[in-house]
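Below is one structure, written out as structure tokens, with a few remarks after it.
When a residue number appears, it is its place in the shown sequence, counting from 1. Fair warning: this is a prediction, and the values are worked out from it, not measured in the lab. Counting starts at 1 for both ligands and their atoms, in listed order.
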Amino acid sequence: MSTTITIRRPDDWHLHLRDGAMLRAVLPETARHFARAIIMPNLVPPVVTGAQAMAYRDRIMAALPEGMDFAPLMTLYLTEETDPDDVAACHASGLINAVKLYPAGATTNSASGVKNFDKVRPVLERMAEIGLPLCMHGEVTDHAVDIFDREAVFIDRVLDPIRRATPGLRVVMEHVTTSDAVEYVRSAPEDLAATITTHHLIINRNHILVGGIKPHYYCLPVAKRESHRLALRAAATSGDGRFFLGTDSAPHVDALKEHACGCAGCFTATNTLSILAHVFEEEGALDRLEGFTSLHGPAYYRLPVNETRITLTRGEDPVAYPAKIDGGDGPVTVFDPGFPLYWNVTA
Ligand code: DOR
Ligand code: ZN
């Protein structure tokens with residue numbers, strides 16, 4: 001069994017960095033291992049214009065510790081007022097790499113998201129013309145739909161109609177959690193891709209609810225039953241280029257997670273690569289880890305792959321990760337996979 005593996009430096013195709021003290025706290029956790037990340041725009045207020053994206057990118061670069069090399073790939077938050085010309089100009093200048101669609105009310109800071117999908121049609125049509133990817137939070141918000149069904153229903157009610165109405169639109173279905181989504185992506189042409197998080201490869205809904213409620217395992221889309229987790233593991237380790245890593249690492253201070261109305265999000269930036277190496281080894285697919293973390297994403301986003309490399313080593317003793325990091329405004333709990341991790345990034 002191999003005990004070291006060297007791969008191109010990974011990228012994270014879905015990341016929450018927040019702002020201010022939290023940004024300064026979590027950015028090094030990602031920049032330590034990742035070259036680039038698609039930065040989610042769900043700040044308060046959201047990043048809706050090119051000017052806001054530029055200012056946010058500057059704040060991220062100002063928060064990057066000396067000596068660390070990291071490139072934030074910016075996104076705009078799609079609203080019903082988004083101007084297609086602003087989107088096209090941001091894309092042409094290289095400022096943004098994607099636009100993010102949150103159905104209004106679907107998740108953290110999504111209140112400014114889209115209620116009426118017809119209203120964003122001109123933006124989507126322009127994006128199809130210029131080849132700019134749309135990152136979608138794929139859950140319906142209809143209260144009549146059970147939370148565990150919201151992703152599958154979104155495919156039928158929203159995603160598929162949008163794709164049919166907008167030929168050529170490049171869509172990333174983000175943080176997929178169901179076998180329905182995996183099957184839908186597999187059956188679609190190459191303009192549709194999906195990101196898979198680290199935590200959805202590890203937990204199913206029992207981990208959240210059995211033996212007491214575990215707020216640090218609560219995220220959106222919520223983890224589903226075991227058969228879905230297994231479908232995600234099969235997709236991630238299959239070598240299929242339409243599936244790639246988007247951690248959705250989403251820090252919230254413990255006080256807001258361990259709360260009567262706890263926030264959604266798992267903070268996985270710190271130990272993601274150790275967890276992924278563990279999963280890929282278990283699946284007999286260590287040779288496909290690089291595709292998932294470092295090759296498929298750049299190919300989809302039409303960006304060069306990273307030229308530098310990292311080495312992961314499997315040690316005799318478990319890697320010691322902190323249970324929490326200092327989030328600036330309070331502690332942030334690092335995702336606990338629930339088993340010891342032996343793979344570590346050593347170079
Ligand atoms: O769990 C999540 N946390 N899912 C999301 O869609 C948003 C994210 C956040 O911003 O905290
Ligand atoms: Zn997210």
Side-chain angles (χ1 to χ4, degrees), residues 11-20 22-23 25-27 29-30 34 37-47 56 72-78 97-114 133-141 147-148 150-151 154 158 171-178 181 194-205 207-208 213-224 232 244-259 261-269 272 297 327 329-330 332-335:
D11 302 304
D12 185 348
W13 300 96
H14 181 132
L15 177 67
H16 296 270
L17 285 178
R18 317 298 191 202
D19 216 339
M22 183 69 94
L23 165 63
V26 300
L27 177 58
E29 300 300 299
T30 287
F34 292 86
I38 287 274
I39 308 301
M40 286 298 121
N42 63 332
L43 305 181
V44 189
V47 179
Y56 186 31
L73 306 176
M74 306 309 292
T75 60
L76 290 185
Y77 185 119
L78 183 63
N97 293 81
V99 169
K100 172 75 189 228
L101 186 156
Y102 287 104
T107 187
T108 311
N109 305 336
S110 62
S112 320
V114 178
L134 178 69
C135 295
M136 273 200 184
H137 184 107
E139 287 189 287
V140 292
T141 53
I147 190 167
F148 292 103
R150 287 181 174 199
E151 181 173 287
F154 182 88
V158 182
V171 177
V172 183
M173 198 180 176
E174 302 208 87
H175 40 52
V176 291
T177 59
T178 57
T195 55
I196 299 177
T197 75
T198 306
H199 49 282
H200 288 117
L201 297 173
I202 304 299
I203 58 168
N204 62 33
R205 61 195 195 180
H207 291 90
I208 310 170
I213 193 160
K214 313 292 188 316
H216 295 289
Y217 288 157
Y218 173 62
C219 66
L220 288 170
V222 69
K224 310 297 192 294
L232 299 178
F244 41 87
L245 175 65
T247 65
D248 198 11
S249 182
H252 294 276
V253 292
D254 283 355
L256 295 177
K257 291 285 295 173
E258 299 165 8
H259 191 275
C261 184
C263 293
C266 297
F267 177 65
T268 53
T272 271
D329 298 324
V332 173
T333 293
V334 175
F335 178 75

Ignoring hydrogens, just give me the one of R18, M40, E139 whose non-hydrogen atom is nearest atom 9 (C) of ligand 1.
R18
Output the distance between atom NE2 (H16) and atom CG (D248), rounded to the nearest 0.5 Å.
4.0 Å
Any chance you could measure I196, atom CD1, to L201, atom CG, to the nearest 0.5 Å?
6.0 Å
Taking 4.0 angstrom as the limit and counting only heavy atoms of H137, give me the atoms of ligand 1 inside it, by number and element.
6 (O)
Heavy-atom proximity to atom 5 (C) of ligand 1, picking from T197, L43, T107, points to T107
What's the shortest distance from atom 3 (N) of ligand 1 to any protein heavy atom, and which residue and atom give it?
A264 O, 3.0 Å
From the Zn ion (ligand 2) out to just under 2.8 Å, does an N/O/S atom of H175 turn up?
no
Report the C-alpha separation of F335 and T197 in whole Å, then their side-chain angles, then the decisive distance to 0.1 Å, and conclude whether the side-chain contact (heavy atoms from CB on, under 4.5 Å) test is met.
CA-CA 12 Å; F335 178 75; T197 75; over 6 Å; no
Looking at every heavy atom in both N204 and A223, which two are closest together, and how far apart are they?
C-CB, 3.9 Å
Check: T177/K224 side-chain N/O donor and acceptor closer than 3.5 Å
yes
Per-atom contacts of ligand 1 with C219, taking only distances under 4.0 Å to non-hydrogen atoms:
1 (O)
Look at H16 and state whether any of its N, O or S atoms is less than 2.8 Å from the Zn ion (ligand 2).
yes
Can you tell me the N, O or S atom of D248 that's nearest the Zn ion (ligand 2)?
OD1
Separation between CG (L17) and CD1 (I39), nearest 0.5 Å, reads 4.0 Å
Evaluate L220 for polar contact with ligand 1, using N/O atom pairs at a separation under 3.5 Å.
yes
Checking contacts here: is it the side chain or the backbone of N109 that comes within 4.0 Å of ligand 1, counting heavy atoms only? Could be both or neither.
neither
Indicate the atoms forming the closest heavy-atom contact of Y77 with P46, along with that distance.
CD1-CB, 3.4 Å
Could you establish whether H252 and ligand 1 come within less than 4.0 Å of each other, counting only heavy atoms on the residue side?
yes
Which of the numbered atoms in ligand 1 are under 4.0 angstrom from any heavy atom belonging to A250?
3 (N), 8 (C), 9 (C), 11 (O)
Aromatic ring pairing H137/H175, orientation class (parallel under 30°, perpendicular over 60°, tilted between)
perpendicular
